[in-house]
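A quick write-up on the structure given underneath.
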Amino acid sequence: MDAQAQESFREFVANRSPALLKTAVLLSGGDRHAGEDLLQNALIKTAGRWHRVDEPEAYVRQVLYRQQISRWRLKRRGRELSVAEPPEPGAGGDAASADAELRLLMRGALARLTARQRAVLVLRYFEDLPEAEVARILGCSVGTVRSTTHRSLARLRALAPELRALGPSEAGGRPSGDYSPMEVRS
């Protein structure tokens, strides 16, 4: 790699690593260390082909997804989350603790999904990709993406029924956290 390409690659890594790391952590089931390893390996592979890459971020994301698929095929290793002290149930009434509890709940539920289910949900809802793009990245049909999404969401609801409170509100029928444009009447 020549000096100009090396500088270009370093700039890309400095600017895009935080966003790419979030995706890698989600793909690895919430395990930050596994996500960091996944991203590091993807960046190493990208560096070797940097002079041929037209869209660097799309290329790195595709390497991330494909590496994770390869990891699925390896024997699944069960991991246990260790903490210094067990959390006390119902403790903490402030919003920060509620957010932390929600993140832990979601992380635990996502970790119990299969790697394929987790990847489909991350690509569809975190990356906000259309079904056709998810199918292309994962190398499957759109129908497979749809059925996997449906089964994954059903399993997620079964694993963490507390997440139902985040679903469509009874008043407006819109999910909480949905910031899509709405008609405003004065």
Legend entry - side-chain contact (heavy atoms from CB on, under 4.5 Å) between R52 and R49, intermediate numbers included: CA-CA 6 Å; R52 292 186 234 159; R49 297 179 174 260; 3.1 Å; yes
Inset, instruction - Please test R112 against R107 for side-chain contact (heavy atoms from CB on, under 4.5 Å), starting from the C-alpha separation and ending with a verdict. - result: CA-CA 9 Å; R112 293 190 312 190; R107 178 181 176 182; over 6 Å; no
Inset, instruction - In sequence, state the C-alpha distance, the side-chain angles, and the governing distance for C140 and R116, and then conclude on side-chain contact (heavy atoms from CB on, under 4.5 Å). - result: CA-CA 11 Å; C140 61; R116 184 177 191 95; 3.3 Å; yes
Inset, instruction - Might you work through the side-chain contact (heavy atoms from CB on, under 4.5 Å) test for L121 and F126, ending with a clear yes or no? - result: CA-CA 7 Å; L121 291 180; F126 181 74; over 6 Å; no
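Within the model, atoms CG of L110 and CZ of R155 stand 11.0 Å from one another, a figure rounded to the nearest 0.5 Å. Rounding to the nearest 0.5 angstrom, the gap separating the OG atom in S28 from the NE2 atom in H33 is 10.5 Å. Atoms NZ and CZ, on K45 and R66 in that order, are 11.0 Å from each other to the nearest 0.5 Å. Distance check: L21 CG to R32 CZ gives 4.5 Å after rounding to the nearest 0.5 Å. Rounding to the nearest 0.5 Å places OG of S17 at 12.5 Å from NZ of K22. To the nearest 0.5 Å, the span separating CD on Q68 from CG on L138 amounts to 10.5 Å.
Of the possible donor and acceptor atoms, none in the side chain of E131 sits under 3.5 Å from a partner among the backbone N and O of V145. Judged by distance alone, the side chain of R124 and the main-chain N or O of L129 form a donor-acceptor pair under 3.5 Å.
In this structure the side chain of L105 never reaches within 4.5 angstrom of the side chain of E101, judged on heavy atoms. Side-chain contact between L26 and R118: absent, with no pair of heavy atoms (C-beta onward) separated by less than 4.5 Å.
Using a 4.5 Å cut-off between side-chain heavy atoms of Ile, Leu, Val, Met, Phe, Trp and Tyr, with links allowed through other members, V63 and Y65 fall into different hydrophobic clusters. In this structure, L20 is not a member of the same hydrophobic cluster as Y59, with clusters built from ILVMFWY side-chain heavy atoms closer than 4.5 Å. Criterion: ILVMFWY side-chain heavy atoms under 4.5 Å apart, direct or through other members. Under it, V120 and V142 are not part of a common hydrophobic cluster. V13 is not connected to V53 by any chain of hydrophobic side-chain contacts under 4.5 Å among Ile, Leu, Val, Met, Phe, Trp and Tyr, and they are in different clusters.
Shown here is R151, whose CZ atom has no more than 12 heavy atoms of other residues, nucleotides or ligands within 6.0 Å.
Annotation for A109 and A160: closest pair CB-CB, 4.0 Å, computed over non-hydrogen atoms. Contact detail for P161 and A158: the closest heavy-atom pair is CD-O, 3.7 Å. When all heavy atoms of A19 and R61 are compared, the pair lying nearest together is CB-NH2, 4.2 Å. The two atoms that bring M106 and L156 nearest to each other are SD-CD2, 4.3 Å, heavy atoms only.
Under the 30°/60° scheme for interplanar angles, the aromatic rings of F12 and W50 are found to be tilted.
Side chains of Q117 and T148: a donor-acceptor N/O pair is absent below 3.5 angstrom, by distance only. The closest side-chain donor-acceptor pair between T149 and S152, if any, does not fall under 3.5 angstrom.
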